[in-house]
Amino acid sequence: MKKWTLFLIVIAITIHSQAENGYDLWLRYKKVENPTILATYTKSVTNIIATSTSETIRVSTKELKTGFNGLLNKPIAVSTIIQNGSIIIGQFSSISSLIKQPINIPANDEGYSISTVVVNGKSCTVITGKNDIGVLYGCFQFLRLLQTNQSISALHIQSSPKLKLRLLNHWDNLNRHVERGYAGIALWDWHKLPDYIDQRYIDYARANASIGINGVTVTNVNANAQVLTKPYLEKLKALADVFRPYGIKIFLTARFSAPMELDKFKTADPLNEDVRTWWKNKTEEVYSMIPDFGGYLVKANSEGQPGPQNYNRTHADGANMLADAVASHHGIVIWRAFVYSQDSDDRFKQAYDEFKPLDGQFKNNVLVQVKNGPIDFQPREPFSPLFGAMKKTPLVMEFQITQEYLGQATHLVYEAPLFKETFNAETYANGKSNTVAQVIDGEAFNNELTGMSGVTNIGNDINWTGHLFGQANWYAYGRLAWDLDLSSEQIADEWIRQTFTNESAFIKITKNIMMNSREMLVNYMTPLGLHHIMGNGHHYGPAPWSNTLARPDWNPVYYHKADNNGVGFNRTSTGTNALAQYSKEVAAQYLDSNTCDENYLLWFHHVSWNHPMKSGRNLWNEMCYRYYTAVDQMKEVEKQWAGLEKYIDQERFQHVKMLLGTQRKEAIWWRNACLLYFQTFSKQPIPSTYEQPDRTLEYYKSLRFPFAPGNGG
Ligand code: GCW
């Protein structure tokens, strides 16, 4: 009996120690499995020497200790004695007297260098930067090398971020509901702030710093003026104090009508002197509490938000008023270009039509934040024409990390290929080769200020992002904001190794699943350039038939324009001529329905159901082919994952497995619902070689999801 009890306890402990809930993200620091690698690491890491006691160096040291303790499975002491394997960290100015030799340091203020050097005959690793924050980034990079089993014996690494502002945007409301959030409620426990500091705030800051994020807006762009009141500023100050050592600044979403809502003003006109003074004073109050406050992010005159147009003023008038208020503190204003109204004949054109004429009118501490595509974060969009057009205004790229239109938190979709597709697109701005990446990193138009914002997928779910693989999107977003040239594969590789294991068989299959996942999703949801055909309001599931919303440009039928003649939105000169917003080289790629990249065909053309496609099929059959092939791929993904059970802990294996089951069901739902609907126009059969839909179109139309997550306030 006794023996058995012991045995069971041992089993229970083993299973328990293996189970992981995903909370540790990519910062797991598990013991290095390969004994040879472990032995070399153990020799190369013997003690930590920190040359200052600043807060950022303190958290750097702490992170290294935690990391080494786990990875090497032994405590590593902090000391001042140089020995073989010392890890010396500190600002360049403070380490130079210690190491007594020149060292290459990065040009950029936030960059780092990691070098193997011999000091007093001892081989050491020096992690340094011009500033403390570079040192912290370098420490995280060093830990990443260990976690991914890279050699650390002869390091000469220098790295600097390509973008100045690497931001996360939380669409979190003060009641903790997260707009388009699928991972629980907001992290910020406003009620308990400022006194209660949840460990999560610290771990959130660590995770962000590990990938180079340096600013966050913690509230929704559909803003609530309350956040500007004293009690909330006190709560924000508490968060800012937690984030500061990690190099993360707080930005606020500003509700344009705040002077009216908080102080009974009759107007919020940006040219009214009292209004301007109100913002000036409010901003002074913010800076008195948060001296490194980043600035304001504003959604104005869009989807019901108030803005300068309410007073017949322009977006530039509004942005410049706030820009003046933050200028003396070196703050910035990020003004969103996500605007559209039903007066336009094509929502695609609206942002360009409103913002292009304002180019050159913004103060120099204003950036305009543009969504990657012209409509709204669809599975595939052409790049927004504003990226080639705003020559005098720095633009911030806005990506949506949360998967509002990408299967929410039940679909495994790796977004790096989507981000990279946008970056790699040619704008031909200034009549020469200039990619979107070159516009964003300031090269194309010589911008000093550069930045990127990601609408986060983070909530209070134990694994932060709902779907474990959602973590990869947070990770990839940050890594790309640091270096736009990193490849999707490399980022996936790093992420898998840190999140799961360095086992090559596991990495190969998982990377393959990730790399194909976005294209697969496009094909089971919106192939060939279909877009915006999801359910009303909550945006969950397919509803291409939907035509009941108040405004035409909210309805799916507006976007696909299916009829008996064909399908697609004619944006050529015989249609809305949206293509004219691109440079002529870009427009030329899409102008002709016979040569247009088929991935964008229905974005730009209304073509007949019999339109000949490159495969030799007609459009209808190609559509069937895409939907069916994608579902087959999804089934294959499920099988491949099932074969990976032996490599990872049960808890995370089962989590992903169950969600892949949901994803397969929903892929079939999308395929069947869309094909049955479009078939009512094409009047052609779904080829008999395919398994036929087992439900009717009426059934799919009847589905309702009143409590689907992420919707409403
Ligand atoms: O994608 C749409 C979302 C809205 C969001 C809006 C925006 C915050 O459906 O929920 O509002 O975009 O980007 O402002």
Side-chain angles (χ1 to χ4, degrees), residues 106-111 159-169 212-215 217 249 251 294-298 314-320 322-324 326-327 329-339 351-352 354-374 383-399 419-420 422-454 477-478 480-486 581-583 586:
N108 187 300
D109 280 351
E110 292 174 290
S159 183
S160 289
K162 297 226 165 89
L163 302 180
K164 284 220 170 101
L165 300 160
R166 303 178 300 279
L167 311 176
L168 287 184
N169 292 177
I213 300 287
N214 66 357
T217 50
K249 285 185 180 178
F251 289 72
Y296 296 115
L297 168 67
V298 187
T314 67
H315 286 291
D317 294 329
N320 290 342
L322 294 176
D324 284 342
V326 295
H329 298 277
H330 308 290
I332 56 160
V333 171
I334 305 179
W335 196 269
R336 292 178 88 227
F338 178 68
V339 294
Y352 179 103
E354 283 198 39
F355 280 85
K356 172 72 183 157
L358 301 176
D359 193 20
Q361 294 183 28
F362 293 97
K363 299 255 161 147
N364 60 12
N365 56 338
V366 176
L367 300 99
V368 170
Q369 179 161 307
V370 182
K371 290 189 180 183
N372 61 294
F383 70 88
S384 162
L386 278 172
F387 290 119
M390 300 290 276
K391 306 192 175 183
K392 299 179 191 136
T393 313
L395 300 184
V396 175
M397 168 65 72
E398 180 173 326
F399 284 127
F419 303 156
K420 291 290 289 186
T422 312
F423 283 144
N424 292 340
E426 265 294 349
T427 66
Y428 292 103
N430 290 341
K432 58 172 196 211
S433 170
N434 263 317
T435 61
V436 171
Q438 287 167 300
V439 172
I440 292 305
D441 72 14
E443 197 184 321
F445 303 124
N446 279 322
N447 302 122
E448 267 286 304
L449 276 177
T450 54
M452 183 158 138
S453 284
Y477 167 80
L480 281 172
W482 182 275
D483 183 356
L484 283 66
D485 293 329
L486 287 176
Q581 296 185 336
Y582 289 110
S583 65
V586 174

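Values reported hereafter were calculated over all heavy atoms of this structure, with side chains retained and with hydrogens, waters and symmetry mates removed.
- Within the model, atoms CG of Leu395 and CG of Asn447 stand 7.5 Å from one another, a figure rounded to the nearest 0.5 Å.
- Looking at Leu167 and Thr217, their side chains never come closer than 4.5 Å, going by heavy atoms from C-beta outward.
- Counted by atom type alone, Thr450 and Asp441 present zero donor-acceptor pairs between their side chains at under 3.5 Å.
- Listed for the Asn434 side chain is no donor-acceptor partner under 3.5 Å among the backbone atoms of Thr427.
- Side-chain atoms of Asp324 never come within 3.5 Å of backbone atoms of Lys363 as a donor-acceptor pair (strictly under, hydrogens ignored).
- Under the 4.5 Å side-chain criterion, counting only non-hydrogen atoms from C-beta, Asn169 is in contact with Gln369.
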Legend entry - side chain to side chain contact (heavy atoms under 4.5 Å, CB included) assessment of Leu367 paired with Leu165: CA-CA 10 Å; Leu367 300 99; Leu165 300 160; 3.9 Å; yes
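- Arg166 places a side-chain N or O within donor-acceptor distance of the main-chain N or O of Gly212, the cut-off being under 3.5 Å.
- When side chains are defined from C-beta on, Thr422 counts as touching Phe399, because their heavy atoms get closer than 4.5 Å.
- Of all non-hydrogen atoms in Asp483 and Lys162, the two that sit nearest each other are OD1-NZ, 2.6 Å.
- Between Leu486 and Leu480 the shortest heavy-atom distance is O-CD2, 3.7 Å.
- Looking only at side-chain heavy atoms (C-beta outward), Met452 and Phe423 come within less than 4.5 Å of each other.
- Counting heavy atoms from C-beta outward, Val333 and Asn365 have side chains that stay 4.5 Å or more apart.
- Put simply, the side chain of Lys356 never gets that close to the backbone of Ala351: no donor and acceptor are under 3.5 Å apart.
- Between Val368 and His315, the closest side-chain pair of non-hydrogen atoms is not below 4.5 Å.
- By the 4.5 Å heavy-atom criterion applied to side chains, Lys371 and Ser384 are not counted as neighbours.
- Between Trp335 and Leu322 the shortest side-chain heavy-atom distance falls below 4.5 Å.
- For the side chain to side chain contact (heavy atoms under 4.5 Å, CB included) with Phe383, the lone residue among Val586, Val439, Thr435 that qualifies is Val586.
- Separation of atoms CG (Asn320) and CG (Asn364) is listed at 9.5 Å; rounding is to 0.5 Å.
- Between Lys164 and Glu110 there is no salt bridge, since no side-chain N of the basic residue sits under 4.0 Å from a carboxylate O of the acidic one.
- When all heavy atoms of Gly294 and Phe251 are compared, the closest pair comes out as C-CE2, 3.4 Å.
- When all heavy atoms of Tyr428 and Ser583 are compared, the pair lying nearest together is CB-OG, 3.4 Å.
- A donor-acceptor distance shorter than 3.5 angstrom exists from the side chain of Asp317 to the backbone of Thr314, with no hydrogens or angles considered.
- A distance-only check finds a donor-acceptor pair linking the side chain of Tyr477 to the backbone of Ser453 [under 3.5 Å].
- Shortest non-hydrogen contact noted between Pro106 and Gly111 is CG-C, 3.3 Å.
- When all heavy atoms of Leu297 and Arg336 are compared, the closest pair comes out as CD1-CG, 3.9 Å.
- The structure places CZ of Phe387 at 7.0 Å from CG of Asn372, a figure rounded to the nearest 0.5 Å.
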